[in-house]
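Report on the structure given below.
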Amino acid sequence: MQSVNNGASTGVPVNLDADEQEPREECGVFGVWAPGEDVSKLTYFGLFALQHRGQEGAGIAVGDKGRIVVFKDSGLVSQVFDEAILDALQGDVAIGHTRYSTAGAQSWENVQPMFRTSPDGTDVSLGHNGNLTNYATLQAEAIERRLVPPEGVEGQGSSSDTAVVSALLADGVQDGRSLLDSARELLPKLQGAFCLVFTDGHTLYAARDPHGVRPLSLGRLEQGWVIASETAALDITGASFVRDIAPGELIAINSSGIHTENYAKPSPKTCVFEYVYIARPDSVVEGKTVNAARLEIGRRLSRVAPVDADVVMPVPESGTPAAIGYAEASGIPFAQGLMKNAYVGRTFIQPSDTLRQLGLRLKLNPVREIIEGKSLVVVDDSIVRGNTQRKLIRMLREAGAGEVHVRIASPPVKWPCFYGIDFASPGELIANNAGGDDDAVAENICRVIGADTLAFVSIDDMIAATDRPADSLCAACFDGHYPLGLPENNVNADAVRRIQEGMF
Ligand code: SF4
């Protein structure tokens, strides 16, 4: 039996600064197998720790003796669930998901976990983080097998790549074949970046793509096991970190213990942007604490792009560790010159036109006594469109800043991501329009955003800060080399054509 809410949407956060679009991770996934524990509440708190990976929708599927109940809706975790809902979600196994939409429309049907019933009546629920590059082929197969409606047929369920994978996975559970059998057959057919958690209401399954683009970790509870996109979600549930799920690994957890197998040969290409921006600083990605990687990037930036300044300050919050590293290595005092209005950026209330004019100021407020008359080093995680930095520098100058020297803890973002991160559209990437070699790009962007000087960390220094070999990382949005290939689906056709024609 499946029970879902009525789809009455609580809406999604309003973008208070329409000129701004920060890079957005597509999703976070969580799974727990722990009979006797409150698995829905464990999942709820796990999703809280993964909220930064998706803020448009959240859902939990709980399995009890083979029957699955799903509750999901648009909105933040705290808006979708309350005590009564969680109390109603009882069972031994649960999966959860936080979503941001890039593949598939922003609609209730596309919020995860997905639910399907197999031909033999098995409940199947699945959550996915990543982006499949062969979605078109998979969709065509699912349409041919009449598992999903043809494209363009409205009002018949989800349009996302996850819906297609769910349909194919559930359809394989028939004629005596288990969900594990179905996964073994389907996983080698998937191309691109994916971390999956899924369940048949008895067993918790997880799988990671052979390149391990997105992180996925295994944790141990006293009476069970947890799987999560980031180790921070293990910590919040009291689970101890056991290990990362290996690239190309399929894992199954139930009362018989843990079963693990490699369905594909591993060829690691972890997303380097997880270290720079996406993952929480308190998470550990492939053995490296994200905070430590960002600190080291800041130290390296200070050596290659020194400034004679009074204060080093971050653009909160993901610029903070790199700013601390810069201050530490340069000996320049660190200060929090910008305060973040932590919650207003996720408001659901439409601001008036007057308030909307304030844009960035609704999110960040300068601390005048730190800024006034000072020469500042301002450390940010990345520049995508440049609008935020332009407004920020104007704000700092209005607050009395003397000089503003911007240091960026990642190289210029020049290429789109097809593996699960949504930047601005390729034509809007400021580094694309800045032209020339890296020095010319920095010089041109510096002029556009109105800084006194601007410097980026180099690709080599960024990679060195992760302690990972360069050939085990994806850095395609910085260098244009796509280790998993380009997507075949039409959604990205224009960007793919431009890459193939060398137009970026
Ligand atoms: S293209 Fe960039 S954001 Fe996308 S997976 Fe590669 S490094 Fe990460």
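Treat the numbers as computed from the prediction; the structure is a model and nothing was measured. All ligand and atom numbering here is 1-based and tracks the order in the structure.
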### Side chain Gln51, main chain Val77, donor-acceptor under 3.5 Å
yes
### Query
Which one of Cys477, Cys271, Pro483 has a non-hydrogen atom at the shortest distance from atom 1 (S) of ligand 1?
Cys477
### Query
In the protein, what heavy atom is nearest to atom 6 (Fe) of ligand 1, and what distance, to one decimal place, separates them?
Cys474 SG, 2.3 Å
### Task
Report the part of Ala193 (side chain from C-beta onward, or backbone N, CA, C, O) that has a heavy atom under 4.0 Å from ligand 1; answer both or neither where that applies.
neither
### Message
Tell me whether ligand 1 is touched by Arg214 - counting only heavy atoms on the residue side and a distance under 4.0 Å.
### Response
yes
### Task
Take Glu249 and Thr260 through the side-chain hydrogen bond (donor to acceptor under 3.5 Å, both in side chains) test and state the conclusion after the steps.
CA-CA 7 Å; Glu249 183 178 3; Thr260 173; 2.4 Å; yes
### Query
Which atoms of ligand 1 are found less than 4.0 Å from any heavy atom of Phe273?
3 (S), 8 (Fe)
### Side-chain touch Arg214/Ile421, heavy atoms, less than 4.5 angstrom
yes
#### Entry: Sub-4.5 Å side-chain heavy-atom contact between Glu261 and Leu250
yes
### Task
Any chance you could measure Ile408, atom CD1, to Leu301, atom CG, to the nearest 0.5 Å?
8.5 Å
### Task
Output yes when a side-chain donor or acceptor of Asp461 lies under 3.5 Å from a complementary backbone atom of Val457, and no otherwise.
no
### Query
From Cys417, does some N, O or S atom reach closer than 2.8 Å to atom 2 (Fe) of ligand 1?
no
### Nearest-contact summary for atom 3 (S) of ligand 1 - protein heavy atom, Å
Ile421 CG1, 3.5 Å
